[in-house]
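Here the structure comes first, spelled out in structure tokens, and everything after it is commentary.
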Amino acid sequence: MSTPKRKANGTWTLLVHFSGKRRNLTLGRITAAKAEDFRFNIDCLMEHVRSEAKLLPRRLQVWVSELDETHKTQLSELGLFDYRSAGMTVEQLTKEYVSEYSKRTDITAS
């Protein structure tokens, strides 16, 4: 894992290597201490996955729940945890509605 780097525009980035994958995370305009804390938490996540433990420690669960969706998606693509967006597209919602509606027996086709 690399150390957090500050860009000229004031944003912080962090290059994460895990299981043969590499991802450059943009942390945003945060303090150096928060950037270092972000790196530390990712290191803890990597160690947790390597140890093959089932549940995340409470502190990491809270930290992961506070991440924005972009970071959750990027870290799940690296294999650090399983994250699926809870959102639905309009197409998915429509298909689900039609399939549920067609199963109803208390209404007629008309």
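- The minimum heavy-atom distance between P4 and A35, with the atom names listed, is CG-O, 3.5 Å.
- Between L25 and T70, every side-chain heavy-atom pair lies at or beyond the 4.5 Å cut-off.
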With side chain to side chain contact (heavy atoms under 4.5 Å, CB included) as the criterion, how do F38 and D43 come out once you've worked through the C-alpha distance, each side chain's angles and the decisive distance to 0.1 Å? CA-CA 9 Å; F38 199 95; D43 280 341; over 6 Å; no
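- Between the side chains of T11 and N9, at least one donor N or O sits under 3.5 Å from an acceptor N or O.
- Atom CD1 in I42 sits 11.5 Å away from atom CZ in R23 (nearest 0.5 Å).
- Side-chain contact between L14 and T3: absent, with no pair of heavy atoms (C-beta onward) separated by less than 4.5 Å.
- To the nearest 0.5 Å, atom OG of residue S65 and atom NZ of residue K72 are 6.5 Å apart.
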Please report the C-alpha distance between R104 and E100 in whole Å, then the side-chain angles of each, then the deciding distance to 0.1 Å, and finally whether the side chain to side chain contact (heavy atoms under 4.5 Å, CB included) criterion is met. CA-CA 7 Å; R104 290 182 58 184; E100 290 295 320; over 6 Å; no
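- Here CG of L27 is found 10.5 Å from NZ of K7. Values are rounded to the nearest 0.5 Å.
- The OG1 atom of T26 lies 7.0 Å from the CD atom of Q74; values are rounded to the nearest 0.5 Å.
- To the nearest 0.5 Å, atoms OG (S76) and NE2 (H71) are separated by 12.5 Å.
- In summary, the side chains of N41 and R59 do present a donor paired with an acceptor at a separation below 3.5 Å, with no hydrogens or angles considered.
- You'll find the side chain of L56 reaches within 4.5 Å of the side chain of H48, heavy atoms only.
- Counting heavy atoms from C-beta outward, R39 and W12 have side chains that stay 4.5 Å or more apart.
- Residue R29 holds its CZ atom at 8.5 Å from CZ of R6, rounded to the nearest 0.5 Å.
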R22/V16 under side chain to side chain contact (heavy atoms under 4.5 Å, CB included): CA gap, chis, key distance, verdict: CA-CA 6 Å; R22 202 182 303 192; V16 180; over 6 Å; no
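- Salt-bridge check for K21 with E77: failed, with every basic side-chain N at 4.0 Å or more from each acidic carboxylate O.
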Is there a side chain to side chain contact (heavy atoms under 4.5 Å, CB included) between L45 and F18 once you walk through the steps? CA-CA 10 Å; L45 268 175; F18 186 71; over 6 Å; no
